[in-house]
Amino acid sequence: MTEEKKNKYVRPTWDEYFMEVANTIAKRATCDRGRSGCVIARNRQILVTGYVGSPPGFPHCDDEGHYFKKTVHEDGHVSQHCVRTIHAEQNAIAQAARNGVSLEGGTIYCRMTPCRTCTMLLISVGIKRVVCEWRYHSAQESEEMFKYAGIPVEYVNDEVLKYKQQK
């Protein structure tokens, strides 16, 4: 094999490309508990992006600290969730709504499995495929909902993403 062929540049696949963009978008996130970003694409074109952040004009976790709420689950365990920010998927859907962009038939690329609420929204707007870099620690219900809706979920890494103050 020639040296030229050994060092030939290999373009990323479309999934790798969009996931890399999602990770770049995540750098804008304003909550350090799992800085997350996403890209929604269709036909190899980016439709919208989103990252974890507060509504426009509201304080950010990075500036004001977290705003935690406790949730008591059916099995009795208690978890804490920061509710100061909007999830990346929710921000992407809001961006699409503000700009009149249909997400029907799109693929979402996100850092971790969408939560239950984001999953319901993604199903409702017509997302047809989900690509996640990591598993979310509470992914089971979302995965079941996507399966019920006939939407495939694919993982780059089959491990749970660990983040600051995860409960």
Side-chain angles (χ1 to χ4, degrees), residues 14-73 78-139 141-143 145-146 149 151 153 155-156 160-167:
W14 285 106
D15 285 350
E16 291 167 341
Y17 168 73
F18 290 128
M19 189 59 71
E20 190 172 324
V21 173
N23 278 309
T24 298
I25 298 299
K27 293 176 182 178
R28 290 282 304 156
T30 62
C31 180
D32 64 359
R33 292 186 72 238
R35 293 193 194 276
S36 191
C38 71
V39 170
I40 300 178
R42 183 178 58 229
N43 299 327
R44 299 181 179 168
Q45 294 292 312
I46 294 173
L47 301 174
V48 292
T49 64
Y51 56 84
V52 174
S54 298
F58 281 65
H60 298 290
C61 294
D62 288 350
D63 301 328
E64 301 285 327
H66 298 289
Y67 180 39
F68 287 114
K69 294 282 186 169
K70 291 183 180 181
T71 301
V72 180
H73 300 269
V78 178
S79 61
Q80 285 191 77
H81 300 274
C82 180
V83 296
R84 185 177 299 283
T85 58
I86 301 167
H87 292 182
E89 300 87 347
Q90 294 165 354
N91 264 326
I93 291 167
Q95 183 185 100
R98 289 181 77 164
N99 292 302
V101 176
S102 170
L103 302 177
E104 181 75 36
T107 296
I108 186 165
Y109 296 85
C110 40
R111 292 208 60 221
M112 63 182 121
T113 318
C115 73
R116 183 184 198 286
T117 300
C118 288
T119 296
M120 289 188 295
L121 291 169
L122 293 167
I123 292 167
S124 293
V125 300
I127 293 297
K128 295 298 179 206
R129 183 170 169 247
V130 179
V131 180
C132 309
E133 186 174 20
W134 305 95
R135 288 187 182 278
Y136 176 53
H137 68 276
S138 296
E141 192 171 13
S142 296
E143 291 170 339
M145 290 169 61
F146 281 128
I151 300 170
V153 179
Y155 290 96
V156 175
V160 173
L161 178 65
K162 302 287 186 194
Y163 54 86
K164 187 177 179 180
Q165 299 175 332
Q166 183 175 335
K167 302 272 180 170

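The figures here come from the full heavy-atom set of this structure, side chains too, leaving out hydrogens, waters and symmetry mates.
Rounding to the nearest 0.5 Å gives a distance of 4.5 Å between CD1 of Ile127 and CD1 of Ile40. Between the CE atom of Met145 and the CZ atom of Arg116 there is a distance of 5.0 Å, given to the nearest 0.5 Å. Ile25 contributes atom CD1, which lies 13.5 Å from atom SG of Cys110 (distance to the nearest 0.5 angstrom). Here the straight-line distance linking atom OH of Tyr51 with atom CZ of Arg111 works out to 15.5 Å at 0.5 Å rounding. Put simply, CD1 on Ile151 and CD1 on Ile123 are 5.0 Å apart, with the number rounded to the nearest 0.5 Å. A distance of 13.5 Å separates CD of Glu133 from OH of Tyr109, quoted to the nearest 0.5 Å.
Scanning all heavy atoms of the two residues, the minimum distance from Cys31 to Thr85 falls at CB-CG2, 3.9 Å. The two atoms that bring Asn91 and Val52 nearest to each other are ND2-C, 4.5 Å, heavy atoms only. Closest approach of Ser54 to Thr30, counting heavy atoms only: N-OG1, 3.8 Å. Residues Val39 and Thr49 come closest through the heavy atom pair CG2-CG2, 4.2 Å. Considering every non-hydrogen atom in both Pro114 and Val130, the closest pair reads CD-CG1, 4.2 Å. Shown here for Glu64 and Pro59, the closest heavy-atom pair between the two residues is CG-CB, 3.1 Å.
Within the 4.5 Å cutoff, side-chain heavy atoms of Cys115 are placed close to those of His87. Between Cys132 and Met112 there is no side-chain heavy-atom pair separated by less than 4.5 Å. Taking 4.5 Å as the limit, some side-chain heavy atom of Leu122 sits within range of a side-chain heavy atom of Phe146. Residues Lys69 and His81 are not in side-chain contact: their nearest non-hydrogen atoms beyond the backbone lie 4.5 Å or more apart. You'll find the side chain of Glu143 stays beyond 4.5 Å of the side chain of Thr119, heavy atoms only. Residues Ile86 and Pro55 have side chains in contact (heavy-atom distance under 4.5 Å, counting atoms from C-beta outward).
The pair Asp63-Arg84 does not meet the salt-bridge criterion, since no charged nitrogen lies less than 4.0 angstrom from a carboxylate oxygen.
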Quiz prompt | CA sep, side-chain torsions, deciding dist, call: Arg129, Asp15, side-chain contact (heavy atoms from CB on, under 4.5 Å) | solution = CA-CA 11 Å; Arg129 183 170 169 247; Asp15 285 350; 2.5 Å; yes

Practice problem: Test Arg42 against Lys128 for side-chain contact (heavy atoms from CB on, under 4.5 Å), laying out the working first. | Solution: CA-CA 10 Å; Arg42 183 178 58 229; Lys128 295 298 179 206; over 6 Å; no

Self-check item: side-chain contact (heavy atoms from CB on, under 4.5 Å) between Leu121 and Glu89, worked out
Solution: CA-CA 9 Å; Leu121 291 169; Glu89 300 87 347; over 6 Å; no

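Taking the six-membered ring where tryptophan is involved, the planes of Trp14 and Tyr17 are perpendicular, since the angle between them exceeds 60° and thus also 30°.
For residues 20-29, the set of pairs meeting the salt bridge (Lys or Arg N to Asp or Glu O under 4.0 Å) definition, not counting sequence neighbours, is empty.
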